K.L.:
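To start, I am sharing the structure in question, which I have written as structure tokens.
Quick caveat: nothing in here was measured; it's all calculated off a predicted structure.
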Amino acid sequence: MKTINKLVLAFFLVVVSLVNAETPPQPAIPGGGNGGNGTGAPAPIDMYVYVLGIVAIAFIVYFTKKYKSVKA
């Protein structure tokens, strides 16, 4: 495939993933219910967001240096 086709495909993949990132909250049921809000407790992954970010940056740096050393 040509480079422009790959870029367009990647762009649409990113756009679709951003659009479908989260389902909208359900409207409140008239006459009761909490509208699907849940308990409000944080999800287990919320506790590790900073750690996951640091690990992602470490992977980027590691593989970038590895690729540059192989290419040179």
Side-chain angles (χ1 to χ4, degrees):
M1 270 200 308
K2 294 183 179 179
T3 305
I4 191 71
N5 290 344
K6 290 180 184 178
L7 290 173
V8 169
L9 183 64
F11 173 74
F12 281 118
L13 181 67
V14 169
V15 168
V16 167
S17 66
L18 289 176
V19 169
N20 293 325
E22 183 177 351
T23 57
Q26 300 296 323
I29 300 170
N34 63 0
N37 292 339
T39 61
I45 197 168
D46 289 346
M47 297 183 296
Y48 301 107
V49 170
Y50 298 114
V51 174
L52 291 173
I54 293 168
V55 169
I57 292 171
F59 273 118
I60 291 170
V61 169
Y62 172 75
F63 284 108
T64 302
K65 289 188 181 275
K66 181 178 175 183
Y67 177 72
K68 283 185 179 178
S69 65
V70 169
K71 188 177 179 182

K.L.:
Using the side chain to side chain contact (heavy atoms under 4.5 Å, CB included) definition, which of the options V8, V14, V15 pairs with F11?
P.N.:
V15

K.L.:
Under the rule for side chain to side chain contact (heavy atoms under 4.5 Å, CB included), what residues qualify as partners of F59, not counting sequence neighbours?
P.N.:
V55, F63

K.L.:
Does I4, at its CD1 atom, have more than 12 non-hydrogen atoms belonging to other residues, nucleotides or ligands within less than 6.0 Å?
P.N.:
no

K.L.:
Starting from V51, can I reach Y62 by hopping between I/L/V/M/F/W/Y residues whose side chains sit under 4.5 Å apart?
P.N.:
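Looking at the clustering, V51 is in the same group as Y62.
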
